[in-house]
Undergrad: 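Take this structure first; my questions come after.
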Amino acid sequence: MMKEYRTIHEVSGPLMVVHEVEGVTYDELAEIELHDGSIRRCKVLEVNGDTAVVQLFESSAGINLRDSKIRFLGHPLELAVSGDMLGRVFNGMGQPIDGGPAILPEAHKDINGLPMNPAARDYPNEFIQTGVSTIDGLNTLVRGQKLPIFSGSGLPHAQLAAQIARQAKVLGGEANFAVVFAAIGITFEESEYFVNEFKRTGAIDRTVLFTNLANDPAVERIATPRMALTAAEYLAFEKGMHVLVILTDITNYAEALREVSAARKEVPGRRGYPGYLYTDLATMYERAGRKLGYEGSITMIPILTMPEDDKTHPIPDLTGYITEGQIILSRDLYRKGILPPVDVLPSLSRLKDKGIGVGKTREDHASTMNQLFAAYASGKEAKELMTILGEAALSPTDLLYAKFADEFEKRYVSQGFEENRSIEETLDLGWELLSILPKSELKRIKQDMIDKYWPKKD
């Protein structure tokens, strides 16, 4: 029989202090039973001698200290996992909210997971096709990689996230591909958008969706991405699936962490975030990857809105250290009507070289990618010069570069949120745009490649 305590002494916001406890451990789950028999869940934040500080997942309204009792469950927060999770929608605590039956669990997993042993990691080196040219062609996503999207408030990162979730696939392994999508601290409208979007396109059948709404408690918000990653680890390493995890919005997660940290009266770090923000983000991000001897893998795309579009804000800054690159969305491109508004030049995928080339994408991928970057950079410079000095000051080649930059944004970057381009289509489009320039300008591509792939004009 589980021991019950009637020694709750103090309630302060979501925190409660319980005296005279025995054998209670950090992060353990507990239940508070109110005088009317209703139950609220909480977890242990701190244990000092026979005193425990617990944090409620729900509000503390209506708790009468004298009549309430608490029991400690002896295990941390767990997620019931099963292969039947695919196609289902859960709340931030892992309970189904789509009106379907309860999950019959094959196991219960601690949501904090276990960090992957570095010696057991396998190197990410297989191409994942997202159907988005700016990612596939220029900042290639590789299986097992962590590639965040840095956005700003009001930019269409939700549509891009939904597009990637719908379209992403491992070439040749489509049948074994799953998406775990965690929406953290979003509005009800956004939540409905994601659910309807996945149902409309049939992508829901291979997706596990966790939604934590903005009005849900902050503690639940901290648990949501860990619930999603626990589901992903189960599908990847016990069911052998290639799992793409999309977490949106990490900024809301960090705000919840700051809120909880302030309630615990911890010393704040940069901009009021707790000093352990880096470590905390790393415990999530580092759960992605591939393991030696396992067929499955976890690839992660965390999405975060940069406060005031500031790349040096602690959340994007620390995320950039832990992950392998970033896709940056641009407000300027968005204003021009270019969707998705991916800012190609400052975006980067540090592992792109590992996922491209013969047998993965195509032999011309690396050289055309470098040439497109260089030509777009030259085109933008030419356009700036044109703004300052006027068109007459530019040489004929500079004018071609300026034309290339415009066409590149209109046709390569801009593709809308419905178009799903194969890697061949993306590479061919790159050649078509490069043909605006004279062949003599293609200094980064070998002659035999130019002879083979240069578009034949009718």
Undergrad: Could you tell me whether Lys199 atom NZ has more than 12 heavy atoms of other residues or ligands within 6.0 Å of it?
TA: no

Undergrad: Test of understanding: with side chain to side chain contact (heavy atoms under 4.5 Å, CB included), list the residues that count as partners of Asp309, not counting sequence neighbours.
TA: Arg331

Undergrad: Could you tell me whether the side chains of Arg166 and Thr201 share a donor-acceptor contact shorter than 3.5 Å?
TA: no

Undergrad: Within a radius of less than 6.0 Å around CD of Glu192, do more than 12 heavy atoms belonging to other residues, nucleotides or ligands occur?
TA: yes

Undergrad: Arg421 and Ser133: side-chain donor and acceptor closer than 3.5 Å?
TA: yes

Undergrad: Is it true that Asp249 and Thr251 share a donor-acceptor pair across their side chains at a distance under 3.5 Å?
TA: yes

Undergrad: If you draw a 6.0 Å radius around CZ in Arg444, do more than 12 non-hydrogen atoms from other residues or ligands fall strictly inside?
TA: no

Undergrad: With no hydrogens and no angle check, just 3.5 Å: does a side-chain donor-acceptor pair link Thr323 and Arg350?
TA: no

Undergrad: Quick test of your reading of the model: are Glu409 and Lys336 salt-bridged, counting only N-O distances below 4.0 Å?
TA: yes

Undergrad: Taking everything shown except Glu424 itself, do over 12 heavy atoms lie less than 6.0 Å from its CD?
TA: yes

Undergrad: Using a strict cut-off of less than 4.0 Å between a Lys/Arg side-chain nitrogen and an Asp/Glu carboxylate oxygen, indicate whether Asp364 and Lys452 qualify as a salt bridge.
TA: no

Undergrad: Does a donor on one side chain sit under 3.5 Å from an acceptor on the other, for Thr397 and Glu441?
TA: no

Undergrad: In this structure, which one of Arg290, Lys354, Lys360 forms a side-chain hydrogen bond (donor to acceptor under 3.5 Å, both in side chains) with Asn125?
TA: Arg290

Undergrad: Can you list the residues that meet the salt bridge (charged side-chain N to carboxylate O under 4.0 Å, His left out) rule with Asp406, with sequence neighbours excluded?
TA: Lys383

Undergrad: Should Glu78 and Arg41 count as an ion pair when the cut-off is N to O under 4.0 Å?
TA: no

Undergrad: Identify, with sequence neighbours excluded, every residue that meets side chain to side chain contact (heavy atoms under 4.5 Å, CB included) alongside Leu389.
TA: Leu385, Ala393

Undergrad: Is it true that Thr319 and Tyr285 share a donor-acceptor pair across their side chains at a distance under 3.5 Å?
TA: yes

Undergrad: Check whether more than 12 heavy atoms from other residues, nucleotides or ligands sit under 6.0 Å from atom OH of Tyr276, and answer yes or no.
TA: yes

Undergrad: Restricting to pairs with a member in residues 99-148, which pass ring pair (Phe, Tyr, Trp, His ring centres under 6.0 Å), not counting sequence neighbours?
TA: none

Undergrad: Output all residues satisfying ring pair (Phe, Tyr, Trp, His ring centres under 6.0 Å) with Tyr334, sequence neighbours left out; order by chain, then residue number.
TA: none

Undergrad: Applying ring pair (Phe, Tyr, Trp, His ring centres under 6.0 Å), name anything that partners Phe237, two or more places apart in sequence or on another chain.
TA: Tyr294

Undergrad: Answer yes when Arg121 and Glu286 have at least one side-chain N-carboxylate O distance shorter than 4.0 Å, and no when they do not.
TA: yes

